[in-house]
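Notes for the one structure printed next.
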Protein chains: 2
Amino acid sequence: MTESESANVDLEIIVQGAQEGKKLELRLWLRMLSTTKLISQEIRRRLRNEFGATLPQFDLMAQLYREREGLRLGELSKRTMVTNGNVTGLVERLEADGLVLRVTPDGDRRVTVAKLTAKGETSFSAMAAAHEGWLRDMMADVDPAIVSELWRDIGEVKSSVSNHLSGADFE
Amino acid sequence: MTESESANVDLEIIVQGAQEGKKLELRLWLRMLSTTKLISQEIRRRLRNEFGATLPQFDLMAQLYREREGLRLGELSKRTMVTNGNVTGLVERLEADGLVLRVTPDGDRRVTVAKLTAKGETSFSAMAAAHEGWLRDMMADVDPAIVSELWRDIGEVKSSVSNHLSGADFE
DNA sequence: GAACGATTTTTGAAATGTCAAAGGTTTGGC
DNA sequence: GCCAAACCTTTGACATTTCAAAAATCGTTC
């Protein structure tokens, strides 16, 4: 390696450090955000066109589907990462559509438990199957090994973020 | 390795294939979505507490900040991935706060161009600096090499998704 | 130069989202 | 038994979001 070549490499490193190394976290965040928006919009569009449902409704029903005995609204709020007040309205509309049932248990009258109706279960399982297929389609060009790697590494990001929250979210 | 041990390994592989290999794309999506929500909420909270601003307003101003001569609302809509109707209201409120100015150019009176006011520029650059720091903090536990890798691989996901959209989004 | 089609933004209805405050209910001392 | 603190959900005020339809303007064609 000649002297000029080695100097060149050093320069590249410096330049790279200034351009690509800077704000890496910011750039990752912007890319995560835009990708998530893109996928969300596509899922929204398909849920609407093929099932007449919305994404928040789908998310909420997904939680209820795996807890057949139902969930308290507060628990639903935590799992869907939606505020309490928002859950109230969502469940209200789902109940009006006959997909969800609200029950107040005898033991504690502060609590409201939401659970899927039979119609809700049928409706959700059809959507869930389609939903899974959409994701496979959308990510079809990505090597499964990379999908796996992404799943693991984003887990690290999530964990780091969880440990550096200013607010109240702890688990 | 005994026969029973080797049989065990095979079982693990099979089980792993059935459990972890299945629905990999779905699981990646759920993790991306929850991580993005987590970070969004944290940024929202800090923008609100420290600057009295909202995240959509911040996003919109970010686009205007790097186009000092201003942007048409339709262009703003594309770049922020927000619908046209939504941009109208966002710009309206930002204008009421004196952060953004709306101008109709002489050449084409259908068009509305939004640009930051001096106050808007000052306000945004303070927020942007803080914003970048928050992200570094939140991702502090993640190896920079992994951040870099994630940025690249999520780019692949985004590209794959873009090529498998049912709707109208093409570029 | 009147009319038609394309472009751009706004509007309106409904759903989702946040936050803070208010309403009930329960529980644990006293 | 009663009161205060804690717990759970709802409410109310706004901001954001989507979609579709309407409004305004431009360009072109005849």
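Throughout, a chain's letter reflects where its sequence line sits, starting with A, and its residues are numbered from 1.
- Of all nucleotides listed (C/dG17, D/dT17, C/dC19), C/dG17 comes nearest to the side chain of A/Asn86.
- For B/Pro56, counting side-chain heavy atoms from C-beta on, the closest listed nucleotide (D/dT16, C/dT16, C/dT18) is D/dT16.
- The distance from atom CD of A/Glu92 to atom C1' of C/dT16 is 13 Å, rounded to the nearest whole Å.
- Dashed line: the shortest gap from a side-chain N or O of B/Gln57 to OP1 or OP2 of D/dT16 is under 4.0 Å.
- Spacing between atom CG of A/Leu60 and atom P of C/dA15 amounts to 15 Å, rounded to whole angstrom units.
- Close to C/dT16, at under 4.0 Å from its OP1 or OP2, lies a side-chain N or O of A/Thr54.
- Heavy-atom neighbours of B/Lys115 NZ from other residues, nucleotides or ligands within 6.0 Å: at or below the threshold of 12.
- Comparing D/dC8, D/dC19, D/dT17 by their closest approach to the side chain of B/Val82 singles out D/dT17.
- At a threshold of 4.0 angstrom between heavy atoms, the contacts of B/Thr83 include nucleobase atoms, whether or not backbone atoms are also involved.
- Between the C1' atom of C/dG23 and the CZ atom of A/Arg110 lies a distance of 13 Å, rounded to the nearest Å.
- In terms of phosphate contacts, A/Arg93 brings a side-chain nitrogen or oxygen within less than 4.0 Å of OP1 or OP2 of C/dT16.
- Contact between the side-chain N/O atoms of B/Arg109 and the OP1/OP2 oxygens of D/dA24 is not found at any separation under 4.0 Å.
- Checking D/dT9, C/dT18, D/dA15 against the side-chain heavy atoms of A/Arg72 singles out D/dT9 as nearest.
- Residue contacts shown for A/Thr88 include a base, since a base heavy atom lies under 4.0 Å away.
- Contact annotation for B/Asn84: base contact, defined as any heavy-atom pair under 4.0 Å involving a base atom.
- Looking at heavy-atom distances under 4.0 Å, B/Gly74 makes contact with sugar-phosphate atoms alone, never a base.
- Look at A/Thr112 and you'll find a side-chain N or O under 4.0 angstrom from OP1 or OP2 of D/dT10.
- Across all strands, B/Leu55 comes closer than 4.0 Å to no nucleic acid atom at all (heavy-atom distances).
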